[in-house]
Amino acid sequence: MSVVALTSAHGAPGVTTTAFAVASVWPEVRSGRRVLLIDADPAGSGLVSGPLRAGIADAAGVSVLAAARLPLSGERVIGCCVALDPGGARMVLPGIADPRQARPLGPTWAALVDVARDLSAGGVDVLVDVGRLGHRWEPTAWLAAADLLAVVVRGELASVLPATAAVRALTPQRQGGSAPVGVVVDPGPYTSADIASALGVGEVLAVVHDVRVARALMEGGSGGWIDRSALMRSARSLVRRVAELVPDVDPVVAR
Ligand SMILES: Nc1ncnc2c1ncn2[C@@H]1O[C@H](COP(=O)(O)OP(=O)(O)OP(=O)(O)O)[C@@H](O)[C@H]1O
Ligand SMILES: [Mg+2]
């Protein structure tokens with residue numbers, strides 16, 4: 001496993017919630033591996049105002065890395081993360097709360113792509129919340145370099161049509177990388193196969209729609225009924241499928 005980026009084309013289909021749900025269950029499914037969720041939404045973080053709202057240390061976040069001298073190291077990046085559990089099996093690199101801070105981040109994202117490969121080779125898988133496509137300061141480095149790019153949609157035309165155009169536009173940017181996959185939150189009247197065919201992707205993975213669980217998770221809830229919910233079970237299935245689609249980085253080849 002290496003770098004998995006999640007994005008969307010229109011509206012707020014659930015990129016951040018899906019990314020956070022997937023990160024929450026990642027080490028449990030991929031035993032022996034840790035996960036780092038990078039919060040790269042240039043429109044402003046949905047995590048800083050969500051599960052991280054209790055407060056973030058001054059030394060944490062991508063802005064701290066941006067202010068540091070390049071090149072970055074894995075150790076330095078991890079030092080700027082928030083651990084979601086005492087062992088640090090699940091970490092978040094907080095993004096920007098204010099969209100005006102997105103502009104200078106391009107070189108930092110490019111440097112982080114290289115660090116992500118090293119981290120992955122060392123047992124830390126990397127998920128990236130890229131936010132909505134088309135932002136002026138879109139973190140293009142992740143779109144080009146992610147081993148797997150997942151375009152999140154809702155099962156309605158207003159969501160799928162712009163995503164179809166985005167999938168087409170993204171293909172040349174992928175520099176010969178794998179074709180994007182779709183992720184559907186609430187398929188509505190459609191099957192995953194319908195949505196895959198409309199999007200022009202080979203596969204669409206489903207995340208269960210559950211307003212109560214989604215809200216509780218993003219309010220920092222965990223354990224018990226959230227863990228046992230159909231939404232979190234679908235997040236676990238998604239991790240298993242993603243692991244099949246993206247093989248582990250060979251530490252020797254990665255060097
Ligand atoms: N699986 C889900 N089930 C039910 N509601 C969900 C689910 N995922 C997300 N939502 C809801 O959809 C809304 C948008 O979610 P989220 O912020 O994750 O979307 P986003 O695509 O990251 O949006 P943005 O582009 O604004 O960053 C929120 O109200 C959230 O609770
Ligand atoms: Mg978001």
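Remember, it's 1-based here, ligands and their atoms both numbered in the order they're listed. We number each residue from 1, following the sequence as shown.
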Taking T164 for the side chain and V160 for the main chain, is one N or O donor matched with an acceptor at less than 3.5 Å? yes

Ignoring hydrogens and geometry, is there a side-chain-to-backbone donor-acceptor pair from R236 to V29 under 3.5 Å? no

Do [X] and [Y] have side chains that approach each other closer than 4.5 Å (heavy atoms only, starting at C-beta)?
| X | Y | result |
| --- | --- | --- |
| P71 | D114 | no |
| L47 | M218 | yes |
| V35 | L127 | yes |
| D125 | V246 | no |

Which is closest to atom 2 (C) of ligand 1 in terms of heavy atoms, L217, V185, D186? V185

Judged by heavy atoms only, the candidate from T17, T16, V208, D210 nearest atom 1 (N) of ligand 1 is V208

Proximity to ligand 1 by part of [X], non-hydrogen separation under 4.0 Å:
| X | result |
| --- | --- |
| R132 | side chain |
| L231 | side chain |
| R154 | side chain |

For atom 11 (C) of ligand 1, is the nearest protein heavy atom closer than 4.0 Å? yes

Could you tell me whether atom 29 (O) of ligand 1 has at least one protein heavy atom nearer than 4.0 Å? no

Minimum-distance protein heavy atom relative to atom 4 (C) of ligand 1: H209 CD2, 3.2 Å

Which residue and non-hydrogen atom of the protein lie closest to atom 14 (C) of ligand 1, and at what distance in Å? A12 O, 3.4 Å

Atom indices of ligand 1 within 4.0 angstrom of V211 heavy atoms, with elements: 4 (C)

